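Small disclaimer: the values here were computed from a predicted structure and weren't measured.
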Amino acid sequence: MKFPVSPIMIPAPGLLRNAVCMLLAAWSVPSADAAVTLLREYHLGEAGSFDGLLPQDGSGAGAHYTGSTGAITTSTILPSPASGTYSHFDGSSDAFGANMATIPVDNFAIGMWVRVADADRQAGIFSPGRRADGNLRFHVENGYFAASYKGVGWIGDDPTDGGTVGQAITENEWTHLAVVRSKGVSTFYINGLAQGGTSTATPVHETGRSHLGVFNQGLSRYSGDIDEIRIFSFDPDTDNPVSALQVPEPSALVLCLGAIGCLVTRRRK
């Protein structure tokens, strides 16, 4: 049975408003009911997620980043729906060197939260590799989100050919990006929605080559925020990887209304 949606006004001025909105957003994220196997996890802000300026792998695999450029800072101001603290990249900072070679080339997923500060550029967000053709890359392409296999082709629509409405970037807004490769087919997801076009290319994951906030060798650095990068494998015959991407349900809506508070509506079944 469905009940009418009724708004609940929660007074939460100033910093309290931000904290309440974060908690409510986290409440709206469904639990991961897919029986996936976590391979890498970068919290990018919480206690223990950095060793100095180096992002640390929280999955237990020990795939920590080994080098960085500039200062990756952390913040709690208007956090992502996934956690209360995130990393900020100012266009001159990045990290590199994490080992991704043990990630399988099929039946895996990579997801993360991003908030782009400057969309009018080409910039690398995250890649499990570096230079080799076939490296999976998440990036900004002059106003559009993009996913590709380096030197092979796009996953989703071609953002250099006008892109699509679904891949257009809204600056300063948290967005969830993911690529799921299942039974040889890779699909690009934005906020849990599959984008047009898929790829059957075989990915290449390199030893000690992962890049965060940059393509490689200081080229095309990212300006914005990143939070909660998760990489996992799954059984395509029994698991539903999309349900494990930690994306808020379409039926849940969290709106922070200036200094007034948060208006939360949620369909109940």
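Between W174 and Y86, the ring centre distance stays below 6.0 Å. A distance of 6.0 Å or more separates the ring centres of F126 and Y42. The distance between the ring centers of W113 and H43 does not fall below 6.0 angstrom. Between H139 and Y144, the ring center distance fails the sub-6.0 Å criterion.
Checked by atom type and distance alone, the side chain of D57 pairs as donor or acceptor with a backbone atom of E41 at under 3.5 Å. Proximity of a side-chain donor or acceptor of H211 to a complementary backbone N or O of R209 within less than 3.5 Å is detected. When atom types are taken as modelled, the side chain of R137 and the backbone of I125 share no donor-acceptor pair closer than 3.5 angstrom. Checking side-chain atoms of D239 against main-chain N and O of V36 turns up no donor-acceptor pair under 3.5 Å. Using a distance-only test at 3.5 Å, with no hydrogens or angles considered, a donor-acceptor pair links the side chain of S59 to the main chain of L39. With hydrogens and angles ignored, the 3.5 Å screen pairs no side-chain donor or acceptor of R181 with any backbone N or O of P104. Using modelled atom types, no side-chain atom of S223 and backbone atom of R221 make a donor-acceptor pair closer than 3.5 Å. Using a distance-only test at 3.5 Å, with no hydrogens or angles considered, a donor-acceptor pair links the side chain of E171 to the main chain of A119. S210 places a side-chain N or O within 3.5 Å of a backbone atom of S127 that can act as its donor or acceptor partner.
Residues F138 and V114 are not in side-chain contact: their nearest non-hydrogen atoms beyond the backbone lie 4.5 Å or more apart. With a 4.5 Å cut-off on side-chain heavy atoms, N107 and S233 do not count as touching. Put simply, the side chain of H176 does not reach to within 4.5 Å of the side chain of D227, judged on heavy atoms. Residues F108 and V180 have side chains not in contact (no heavy-atom distance under 4.5 Å, counting atoms from C-beta outward). Looking at heavy atoms from C-beta onward, T187 lies out of side-chain contact with I155 at the 4.5 angstrom threshold. E46 is not listed as a side-chain neighbour of T74, based on a closest heavy-atom distance of 4.5 Å or more. Using a 4.5 Å heavy-atom cutoff, the side chains of F145 and V116 are in contact. Annotation: side chain of I190 is in contact with side chain of Q167 (closest heavy-atom distance under 4.5 Å).
When all heavy atoms of A194 and Y189 are compared, the closest pair comes out as N-CD2, 3.5 Å. The two residues G48 and Q56 come nearest to each other via the heavy atoms O-CB, 3.8 Å. Of all heavy-atom pairs spanning A178 and F188, the tightest one is O-CD1, 3.2 Å. Closest heavy-atom contact between N99 and R40: O-NH2, 2.9 Å.
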Self-check item: Criterion side chain to side chain donor-acceptor pair (under 3.5 Å) on N142 and Q122, from CA distance to verdict
Solution: CA-CA 6 Å; N142 299 311; Q122 183 185 61; over 6 Å; no
Self-check item: Trace of the side-chain contact (heavy atoms from CB on, under 4.5 Å) decision for V179 with S186
Solution: CA-CA 7 Å; V179 166; S186 298; 4.3 Å; yes
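Here the straight-line distance linking atom OG1 of T200 with atom OH of Y149 works out to 9.5 Å at 0.5 Å rounding. Here the straight-line distance linking atom OG of S92 with atom OH of Y222 works out to 14.0 Å at 0.5 Å rounding.
V140 and L177 fall within a single hydrophobic cluster, where Ile, Leu, Val, Met, Phe, Trp and Tyr side chains are chained together by heavy-atom contacts under 4.5 Å. When hydrophobic clusters are built by joining Ile, Leu, Val, Met, Phe, Trp and Tyr residues whose side-chain heavy atoms come closer than 4.5 Å, directly or via intermediates, I169 is grouped together with M112. Residues V204 and I231 do not share a hydrophobic cluster, clusters being chains of Ile/Leu/Val/Met/Phe/Trp/Tyr side chains in contact below 4.5 Å. L136 and Y65 end up in the same hydrophobic cluster when Ile, Leu, Val, Met, Phe, Trp and Tyr side chains are linked at under 4.5 Å. Hydrophobic clustering (ILVMFWY, side-chain heavy atoms < 4.5 Å, transitive): M100 and L38 are in distinct clusters.
A side chain to side chain contact (heavy atoms under 4.5 Å, CB included) with S93 holds for exactly one of T69, I72, L53; it is I72.
Under the 4.0 Å criterion applied to side-chain N and carboxylate O atoms, K183 and D237 are assigned as salt-bridge partners.
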